[in-house]
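Heads up: the structure comes next, in structure tokens.
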There are 2 protein chains.
Amino acid sequence: MYIHEKSLRTIIDALRKKGYKATPQRIAICKYVLQDTTHPSAKIVYQRVRKEYPTISLATVYQTLKVLKELNLIQELPFSKRETRFDPNVNPHINMVCLKCGKIVDINFPEADSLLKQISESTRFRITGQRIDIYGFCEVCGQFSISIAKNKEKML
Amino acid sequence: MYIHEKSLRTIIDALRKKGYKATPQRIAICKYVLQDTTHPSAKIVYQRVRKEYPTISLATVYQTLKVLKELNLIQELPFSKRETRFDPNVNPHINMVCLKCGKIVDINFPEADSLLKQISESTRFRITGQRIDIYGFCEVCGQFSISIAKNKEKML
DNA sequence: AAACTATTTAAGAATTATTATTACCTAATA
DNA sequence: TATTAGGTAATAATAATTCTTAAATAGTTT
């Protein structure tokens with residue numbers, strides 16, 4: 001289940017449970033980011049939330065994203081080219097990352113659970129999260145770039 | 001096979017094949033980074049290579065790391081906290097990433113090949129690379145942090 | 001409901017990893 | 001050896017993220 005299917009009440013409770021105040025700014029950011037499955041950057045979140053909450057500041061967006069990460073409601077996905085994107089899907093899954101257009105699409109990876117379980121049992125490493133990316137060119141970009149794209153043309 | 005098992009000759013040929021000159025700076029950086037399996041940051045590479053080649057500049061390190069990435073001899077692993085680390089293992093594998101001390105250890109993941117093949121055959125996505133991270137606390141750090149570490153205490 | 005207080009916000013400054021610029025320099029080649 | 005396209009070192013520029021601070025407010029207490 002995606003957290004964004006949960007009610008506003010649940011979001012507020014999650015914040016308060018950890019001692020965070022449920023401010024209207026935070027609620028606006030949460031509502032936006034928990035339902036955007038395109039893996040937006042902080043700047044995109046800022047631009048989108050501003051439509052609903054025009055006085056919000058970029059610093060508040062950053063700090064709320066940090067809180068949401070701490071609450072394990074979103075995952076942070078740093079990429080090269082100085083861009084970090086945010087994913088409301090915190091369950092094990094595969095991110096299909098297009099290096100040309102920057103599109104990121106989640107696909108299921110049911111085998112992840114048993115893989116993590118096996119590693120957990122065979123090592124002394126205490127697992128708290130994971131990230132599985134597959135890089136390449138999406139169906140739209142793939143046909144235009146027969147050879148591997150030069151760095152300049154890459155978004156991620 | 002790791003590329004760092006290859007000879008100096010092979011490194012030079014790989015550079016020239018793509019039209020890059022085999023300068024002593026590049027060779028020094030290659031020799032270092034292709035044998036360091038601790039996933040060093042650019043700054044660490046700079047500090048280490050400087051011992052062998054004291055006049056080298058940080059900009060050259062960055063630009064050579066970019067070349068090595070283009071030649072697919074290393075993989076770039078961006079993390080939060082503004083740190084990017086570099087991995088000479090470009091074959092599918094799992095990075096076990098300790099969030100407390102920042103240690104990254106590769107483990108094998110033989111099932112990766114069939115997974116990638118299956119995705120390749122069932123989608124129109126053209127795969128060029130992958131990244132599989134497992135986050136948590138290594139055997140050394142795990143015993144000291146029963147609860148999930150606060151953000152301030154995390155290295156990655 | 002008003003007061004209280006620790007937290008949060010907005011704005012802007014600071015930080016810093018990475019990239020760009022530029023004036024020499026040199027590897028590869030003829 | 002001369003030529004030259006590309007590389008280097010030094011440093012400036014860029015930009016994502018974090019920090020700082022004064023004013024505001026959420027949650028609680030009276």
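If you're wondering where the values come from, they're calculated on a predicted model, not measured in any experiment. In what follows, every chain begins at residue 1, and chains take the letters A, B, ... in the order their sequences are listed.
If you take CE on Met96(A) and CD on Gln130(B), they are separated by 11.0 Å, rounding to the nearest 0.5 Å.
When the side-chain nitrogen and oxygen atoms of Thr23(B) are compared with OP1 and OP2 of dT8(D), one or more of them lie within a distance under 4.0 Å. Within the 4.0 Å cut-off from OP1 or OP2 of dT8(D), at least one side-chain nitrogen or oxygen of Arg26(B) is found. Between Ser57(B) and dT11(D) there is no side-chain polar atom (N or O) within less than 4.0 angstrom of OP1 or OP2. The side chain of Gln25(B) places an N or O atom within less than 4.0 Å of a non-bridging phosphate oxygen (OP1 or OP2) of dA9(D). Taking side-chain N and O atoms only, Gln63(B) has a distance below 4.0 Å to OP1 or OP2 of dT8(D). Within the structure, every side-chain polar atom (N or O) of Tyr62(A) is placed at least 4.0 Å from both OP1 and OP2 of dT18(D).
Summary of the strand contacts: Tyr20(B) and Ala59(B) both lie near DNA chain D, and taking for each the nucleotide with the nearest heavy atom, the more 5' one is attributed to Tyr20(B). A residue-by-residue look at Glu83(A) and Lys21(A) shows that Glu83(A) has its nearest nucleotide of DNA chain D further toward the 5' end. Take the nearest nucleotide of DNA chain C for Ala22(B) and for Phe86(B): the residue whose nucleotide is more 5' is Phe86(B).
Under the 4.0 Å criterion applied to side-chain N and carboxylate O atoms, Lys66(A) and Glu70(A) are not assigned as salt-bridge partners. With respect to the salt-bridge test (charged N to carboxylate O, under 4.0 angstrom), the residues Lys117(A) and Asp113(A) do not qualify.
Computed from coordinates, the Lys66(B) NZ to dA17(C) P distance equals 17 Å when rounded to whole Å. At whole-Å resolution of the value, CZ in Arg50(A) and P in dA11(C) are 9 Å apart. The separation between Ile56(A) atom CD1 and dG12(C) atom C1' is 17 Å, rounded to whole Å. Atom pair Leu15(B):CG and dA28(C):C1' shows a separation of 14 Å (rounding to whole Å applied). Separating the NZ atom of Lys18(B) from the P atom of dG7(D) is a distance of 14 Å, rounded to the nearest angstrom. Atom-to-atom, CZ of Arg16(A) to P of dG27(D) comes out at 4 Å; the value is rounded to the nearest Å. If you take CG of Leu77(A) and P of dA16(D), they are 17 Å apart, rounded to a whole angstrom. Atom P of nucleotide dA11(C) and atom OH of Tyr53(A) are separated by 11 Å, given to the nearest angstrom.
Taking the side chain as every heavy atom from C-beta outward, Lys43(A) and Gln47(A) approach each other to under 4.5 Å.
Heavy atoms of Thr55(B) sit under 4.0 angstrom from primed sugar atoms or phosphate atoms, though from no base atom. Ser80(A) comes within 4.0 angstrom of nothing in the nucleic acid, heavy atoms only. Backbone-only engagement by Pro24(A) is indicated by non-hydrogen atom pairs under 4.0 Å involving sugar-phosphate atoms exclusively.
The nucleotide whose nearest atom lies closest to any side-chain atom of Thr60(B) is, among dT8(D), dT11(D), dG27(D), dT8(D).
Annotation: cation-pi pair Arg131(A)/Phe79(B) absent, no NZ/CZ under 6.0 Å from the ring centroid and within 45° of its normal.
Between the side chain of Arg82(A) and the base of dT19(C), no donor-acceptor pair under 3.5 Å is found. At a cut-off of 3.5 angstrom, counting only N and O atoms as typed in the model, there is no donor on one side facing an acceptor on the other between the side-chain of Lys43(A) and the base of dA16(D).
No more than 12 heavy-atom neighbours from other residues, nucleotides or ligands sit within 6.0 angstrom of CD on Glu52(A).
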